Amino acid sequence: GGGSMLVSQKIRTMTLTDIAAKLSAGESIPKCEFAEMKIPSDYEKMAGKEAPNFKLTDLKGDPQSPSFFSGFSRLLLVFWAPTCPHCRAELPRIEQFKRERADKLGLKILGVVGMPQKSDPASEQFLDLVKQIVEQDKISFPVALDYGQKTRELYNVEGVPSLFLVGVDGTIEHAWRGEALFVGRSLECVLEKLKAGDVKK
């Protein structure tokens, strides 16, 4: 439906025509070809800076904060909303990555879900919806409740889903916005580049 441009436009280093030619010749595609490696321009200014700290409560009533992970583990912050269809599509992919690869890569995951103020009559409805989504998608990482969306403001989140990769030292190493079909691959490829020192912080 997109016409010839989608076939001739490079994904990262290759076009779809190049990929088709490689596959038909029995060759493999570069591992990171479909990974999203670029930081959104309005998040770039946060890279290399200390991740804003916050203290929220998760669905189990436990406190959650980026400071709990500082010094021993990388942290992936996942900002989402229960009414966002792109979040609903991406959450299971993040959960799959968490179960299959996150621990091996030394990465913890914390969801931050935008909520109305507690005084808002819709607040309970939102909470029920969040619980339903977490149960339905079998989300095993903690989901912190951001009532009034103050934490979202701290991170200047303009759209969800938005992901922030926080380093062991507590600084923001990378960020993504929008639904990604290959979110796990994007995370792995960025982590590999960070290890090699190829990603600018």
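None of these values were measured; they are calculated from a predicted model.
The structure places CE of Met115 at 9.0 Å from CG of Leu129, a figure rounded to the nearest 0.5 Å. In this structure, Asn53 CG and Thr151 OG1 are separated by 9.5 Å, a value rounded to the nearest 0.5 Å. Here the CH2-CG distance, from Trp80 to Leu91, works out to 5.5 Å after rounding to the nearest 0.5 Å.
Under a cut-off of 6.0 angstrom, the local environment of CD in Gln125 is sparse, with at most 12 non-hydrogen atoms contributed by other residues, nucleotides or ligands. With a 6.0 Å radius and a threshold of 12 heavy atoms from other residues, nucleotides or ligands, Glu153 has its CD atom above the threshold. Atom CD of Glu135 is surrounded by 12 or fewer heavy atoms from other residues, nucleotides or ligands within 6.0 Å. Enclosure of atom NZ in Lys150 is not indicated, since only 12 or fewer non-hydrogen atoms of other residues, nucleotides or ligands lie within 6.0 angstrom.
For Gln64 (side chain) and Val143 (main-chain N/O), no donor-acceptor pair under 3.5 Å exists by modelled atom type. Counting only distance, with no hydrogens or angles, the side chain of Asp169 and the backbone of Thr171 share a donor-acceptor pair below 3.5 Å. The backbone N or O of Met37 lies less than 3.5 Å from a partner atom in the side chain of His174, making a donor-acceptor pair.
Stacking of Arg177 on the aromatic ring of Tyr43 is recorded, both the 6.0 Å distance cut-off and the 45° axial limit being met.
For Arg152, there are no salt bridge (Lys or Arg N to Asp or Glu O under 4.0 Å) partners, not counting sequence neighbours.
Aromatic ring orientation, Phe79 versus Tyr155: tilted (interplanar angle from 30° to 60°).
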Quiz prompt | Criterion side chain to side chain donor-acceptor pair (under 3.5 Å) on Glu33 and Thr13, from CA distance to verdict | solution = CA-CA 7 Å; Glu33 188 61 33; Thr13 63; 2.6 Å; yes
Exercise. Mind running side chain to side chain contact (heavy atoms under 4.5 Å, CB included) on Phe97 and Leu187 for me, showing each step along the way?
Key: CA-CA 9 Å; Phe97 170 78; Leu187 283 160; 3.6 Å; yes
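Hydrophobic clustering (side-chain heavy atoms under 4.5 Å, transitive across Ile, Leu, Val, Met, Phe, Trp, Tyr) groups Val112 together with Leu154. Connection of Leu23 to Phe34 is established within a shared hydrophobic cluster, with ILVMFWY side chains joined at heavy-atom distances below 4.5 Å, either directly or through further cluster members.
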